[in-house]
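In what follows, chains are A, B, ... by sequence order, proteins preceding strands, each numbered from 1. All values below were derived from every heavy atom in this structure, side-chain atoms included, with hydrogens, water molecules and symmetry-related copies excluded.
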Protein chains: 2
Amino acid sequence: MTIIDVARHAGVSAKTVSRVFNDEPHVSAGVKQRVREAAAALDYHPNVMAQALVRRRSHLIGLVYENPSSSYGTELQMGVLDRLRDEPYRLVVIPIASVAEHAAEVVGLLRSAALDGVVLAPPASDNPRILSDLQRAGIRCARIASTRLLDAAPSTTIDDLAAAREIAAHVIELGHRDIAIIKGDPTHASTEARLLGYGQAFHAAGLTMRLDRIEQGLFTRESGRVAAARLLESADRPSAIIAQNDEMALGALIAARELGLSVPEDLSIVGFDDTELAQLAWPPLTTVRQPVFDMAVAATDMVIAQLHREQVTMQRAYKHVLIIRGSTAAPPRLDC
Amino acid sequence: MTIIDVARHAGVSAKTVSRVFNDEPHVSAGVKQRVREAAAALDYHPNVMAQALVRRRSHLIGLVYENPSSSYGTELQMGVLDRLRDEPYRLVVIPIASVAEHAAEVVGLLRSAALDGVVLAPPASDNPRILSDLQRAGIRCARIASTRLLDAAPSTTIDDLAAAREIAAHVIELGHRDIAIIKGDPTHASTEARLLGYGQAFHAAGLTMRLDRIEQGLFTRESGRVAAARLLESADRPSAIIAQNDEMALGALIAARELGLSVPEDLSIVGFDDTELAQLAWPPLTTVRQPVFDMAVAATDMVIAQLHREQVTMQRAYKHVLIIRGSTAAPPRLDC
DNA sequence: CTGAAAGCGCTAACAC
DNA sequence: GTGTTAGCGCTTTCAG
């Protein structure tokens, strides 16, 4: 059933059917009626691919993320879906195993998906190659938690440095002196920013950061578990662990449990992001909230605004909030 | 940049360029080479929408689910993505707030997304209207956890009845006699099946099911919390709660905590599905495992097989496994 | 207010 | 091996 069939059936031209279906003006009520009836009788539905070809719009918006299964990824996706509800755009999920390795191929992939626009999560959101390829390909984008090239494309941001400083300061204030850090994936820019933030808090408190207390993780639960196990297995173990996200903090919690340590009595643990995991963990995690859902809504909004050729906010900064829960307490007193 | 530009640049016809890009045979190596160079020089990328129009294939596969944010939804999606990796198909996420209410509009929505095929999760997977509309629209599908119309379309199944019977039997074996049930969304077929399974276990043990011990939930955490609160607030409270999924079991856990009850000492709680939540909860949930990820992989495979006109398995049954964790124990002894 | 003609960029079917 | 012709189903001119 094509537009031609409907046109014949209604005794009008194809163009008129097109007008009716696109709510264009200048169609008499009678004709409109006849066309609608003919379409209903023939169970006609416009061919979306033909429309896409001629309009040069697929109405597809992509979400690019390394690890969509994480709590962070879910929240992100829910934000995009929330903004897309009641809009004539669909969400295509584009998982990329390793953005750093495949940066050169990413935009080719997006192109072959015929996307009108994309929401870029870290670390793609900070990748200069991807950003410039995207522009050349004419694919609109908006970015989640960018840290650099802030005028290259619209982005949402948080102050990683300050957020990291605050959560480290909280741990220090509790009385901890021997504090270990589990870093995130080195290909994410926030890994460095957060580390610097922790460093500032240490410095302000007159503490020195011991490099042998910094473990490399990958933002995954398992990497957090392994890193924490390394830190906790020695007799000389830290009294607190600062993980660069909740997923790794949960891994640390699991490692502590495996070693028979109680949290927070023997060990304090903090995360970052305040994803759902943080409340679900036992004890619930002290962390710093990053409004991922809201950022995803805003980024999606920025993409749509571009597609509609509307005024686009180039940058939107979000506030973080320190969330104190049960995974932190004063360090154990060794000398009594 | 179109195929014509490349053809001109390489001094061949458009069809030849098409042949090269589609790896068709009968193109001499030299020509192939020239075409590739011309394409590279012009930064040519085939227009996917034009291909889609003429091939009648969008290479888009949809995942229809009511609540993609849940742990169950995430697992489902990861299964689909896993099967789609390295395939030239993309995943479009189609959340439907209430399948029961909008059944008549669902296929129109899918149609307007130009999907080649869809994976249907409950309760869409059991909806006759959706199934028949899908067939009329020529959209291939495969279903997750279907319970009926098993030859209407390919499906994956588990034995809800047996699984429910087993987990209820486990609770009964622990010595519980006063057992409450939190039902799931009544528009899902498994709600009834599982209830019947619990009933069979009760009957086999010579217990009667008290209707005033059956609460209606909606498969959401909050509905589980509210239902459990109702059950637990009376002085005459049950010693065990059987929830029809993990999400509601977690809600029950939260309700118990709010009322100062310890699990499993004062109250045993079990769920269903064995999603990630079950291991994350504290105490971890006794539940019955449904291999959602595997089922999603299989369903996606069934969709792809249809698109490739290959032989399709019409039904694939999965085994459930009783998983005993910390949320269940013998009931408290009242008489000592 | 309505319609005819001309594509959008690509590929199927057939020639040569 | 390679090119030609004719669409895919729709929308965009531009006439009337």
Would you tell me if any nitrogen or oxygen in the side chain of [X] comes within less than 4.0 Å of OP1 or OP2 on [N]?
X: A:S13; N: C:dT2; answer: no
X: B:T2; N: C:dG9; answer: no
X: A:N22; N: D:dT11; answer: yes
X: B:S18; N: C:dT11; answer: yes

- Rounded to the nearest 0.5 Å, what separation is found between the OG1 atom of A:T300 and the CD1 atom of A:I61?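 Rounded to the nearest 0.5 Å, the OG1-CD1 separation comes to 7.0 Å.
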- Whether A:Y72 and A:Y65 hold their rings parallel, tilted or perpendicular, with breakpoints at 30° and 60°: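 Correct class here is parallel.
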- Query: Parallel, tilted or perpendicular for A:Y44 and A:F21, by the 30°/60° rule?
  - Reply: perpendicular
Among the candidates [options], find the nucleotide nearest to the side-chain atoms of [X].
X: B:K15; options: C:dA13, D:dT11, D:dG9; answer: C:dA13
X: B:V12; options: C:dT2, D:dC10, D:dG3; answer: D:dG3
X: A:H26; options: C:dA12, C:dT2, D:dC8; answer: C:dT2
X: B:S28; options: D:dG1, C:dA12, C:dT2; answer: D:dG1

- Between B:I3 and B:R19, who's closer to the 5' end of DNA chain C by nearest nucleotide? B:I3
- CA sep, side-chain torsions, deciding dist, call: B:S71, B:T74, side chain to side chain donor-acceptor pair (under 3.5 Å): CA-CA 5 Å; B:S71 209; B:T74 305; 5.8 Å; no
Round to the nearest Å and state the distance from [X] atom [atom1] to [N] atom [atom2].
X: B:N47; N: D:dC8; atom1: CG; atom2: P; result: 18 Å
X: A:I4; N: D:dG7; atom1: CD1; atom2: C1'; result: 12 Å
X: B:H59; N: C:dT11; atom1: NE2; atom2: C1'; result: 13 Å
X: B:L53; N: D:dA6; atom1: CG; atom2: C1'; result: 14 Å
X: A:M1; N: D:dC8; atom1: CE; atom2: C1'; result: 16 Å
X: B:E24; N: C:dT11; atom1: CD; atom2: C1'; result: 8 Å
X: B:Q51; N: C:dC10; atom1: CD; atom2: C1'; result: 7 Å
X: B:M49; N: C:dT11; atom1: CE; atom2: C1'; result: 17 Å

- Query: Toward the 5' end of DNA chain D, which comes first, B:R56 or B:K32, by nearest nucleotide?
  - Reply: B:K32
- So do B:L131 and B:R143 actually touch side chain to side chain, heavy atoms under 4.5 Å?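 Yes, their side chains come closer than 4.5 Å.
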- Item | Donor-acceptor contact present, side-chain B:T156 to main-chain B:A145, <3.5 Å |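 Side chain of B:T156 to backbone of B:A145: a pair is present.
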Within the 4.0 Å heavy-atom criterion, would you say [X] contacts the bases, only the backbone, or no part of the nucleic acid?
X: B:Y44; answer: sugar-phosphate
X: A:P25; answer: nothing
X: B:V54; answer: base

